[in-house]
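Note sheet for the following structure.
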Number of protein chains: 2
Amino acid sequence: MSNRRDAVHAILRQSEGFRSAQDVYAEMRAEGAKIGLTTVYRALQALADIGHVDMLRTDDGESVYRACASGHHHHHLVCRTCGRTVEVAGPAVERWAETVGSEHGFTEITHTVEVFGTCASCSEALKMAGASSSF
Amino acid sequence: MSNRRDAVHAILRQSEGFRSAQDVYAEMRAEGAKIGLTTVYRALQALADIGHVDMLRTDDGESVYRACASGHHHHHLVCRTCGRTVEVAGPAVERWAETVGSEHGFTEITHTVEVFGTCASCSEALKMAGASSSF
DNA sequence: GCGACTTTGACAACGATTTTCATTTACGCG
DNA sequence: CGCGTAAATGAAAATCGTTGTCAAAGTCGC
């Protein structure tokens with residue numbers, strides 16, 4: 001019973017962007033892995049706890065996870081159409097967060113920053129499909 | 001049947017920080033308002049759509065709403081202990097988001113920024129209560 | 001007042017996540 | 001080596017916020 005965490009982590013590592021728990025579960029089952037949904041959730045949470053994966057909530061309330069290339073702090077730039085993700089560092093934001101925090105007397109400041117946009121290829125694609133937004 | 005949206009909006013206006021839909025619903029019922037959960041959700045969404053309230057997801061996937069003092073873009077500095085919220089503007093972040101976005105060929109850039117921290121009074125309080133966290 | 005359209009709200013449906021609990025597995029100990 | 005205990009696992013049920021359905025009630029123009 002090798003730690004299923006490793007199996008789950010492996011899936012995330014071979015994935016490009018963020019994956020939902022259900023998604024990871026589905027893929028593992030598809031690959032023939034014998035694992036339960038419960039275990040996937042537990043593994044994902046454990047992984048997130050020890051900082052081996054990033055975890056965030058999508059706008060529709062689903063938790064998505066991603067194996068980070070590095071353990072250091074960074075943010076994500078996500079294409080709202082195709083989901084492509086780019087890791088970005090933002091010293092400016094870090095400093096800004098610290099600053100506004102302390103200005104208001106806050107300590108132990110953390111922050112959540114997600115940048116969304118439409119990536120080059122998707123905006124191309126949209127230009128064609130669009131033009132019919134009547135509202 | 002005056003628009004229930006107004007009633008819902010009123011609740012948010014007289015609230016300090018973010019309120020969950022269920023929370024708002026509970027308060028309205030407590031005040032004697034005859035309104036259904038469904039309607040609260042619909043009102044909240046409508047309000048969020050037209051930008052009269054801010055909407056974001058808490059870490060446990062709940063949607064929370066808040067009537068903004070202004071309609072313009074800003075972010076929030078939230079005390080992770082008492083929930084006190086301060087609206088902060090961050091031109092630096094706006095620019096940064098735009099920059100990293102375009103650097104990667106992204107367009108129509110939006111961003112989510114939430115800053116969390118422990119406010120002055122809470123960190124005081126925690127200092128005393130603390131000292132016993134063995135894990 | 002009547003009819004068409006909109007809003008409302010009770011309740012069911014949904015879906016993601018968590019909990020429960022019995023089973024299986026790992027592993028130290030006798 | 002077999003046993004017992006504790007941890008891990010997974011199937012299914014429970015939870016809970018949110019959304020959809022649909023009939024009843026309200027609004028408005030005629």
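Convention: sequence-line order gives letters A, B, ...; per-chain numbering from 1.
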Set of side-chain hydrogen bond (donor to acceptor under 3.5 Å, both in side chains) partners for [X], sequence neighbours left out:
X	value
Gln22(A)	Tyr41(A)
Arg42(B)	none
Glu103(B)	none

Quick check: do Val24(B) and Tyr65(B) have side-chain heavy atoms less than 4.5 Å from each other?
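Answer no - side chains too far apart.
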
Side-chain touch Ile35(A)/Val8(A), heavy atoms, less than 4.5 angstrom:
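Answer yes - side chains close enough.
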
Compute the angle between the rotation axes at the two ends of the helix from dG1(C)-dC30(D) to dG30(C)-dC1(D), each taken over five pairs, rounded to 10 degrees.
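Roughly 10°, once rounded to the nearest ten degrees.
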
Do any pairs count as a salt bridge (charged side-chain N to carboxylate O under 4.0 Å, His left out) and have a residue in residues 21-38 of chain A, sequence neighbours left out, and if so which ones?
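For residues 21-38 of chain A: Arg19(A)-Asp23(A), Arg19(A)-Glu27(A).
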
Using only heavy-atom distances, determine whether the side chains of His111(B) and Glu98(B) contain a donor-acceptor pair under 3.5 Å.
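Note: His111(B) and Glu98(B) side chains miss the donor-acceptor criterion.
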
Going 5' to 3' through nucleotides 10-20 of chain C, assign each nucleotide B (protein heavy atom under 4.0 Å from a base atom), S (under 4.0 Å only from sugar-phosphate atoms) or - (no protein heavy atom that close).
BB----SBBB-

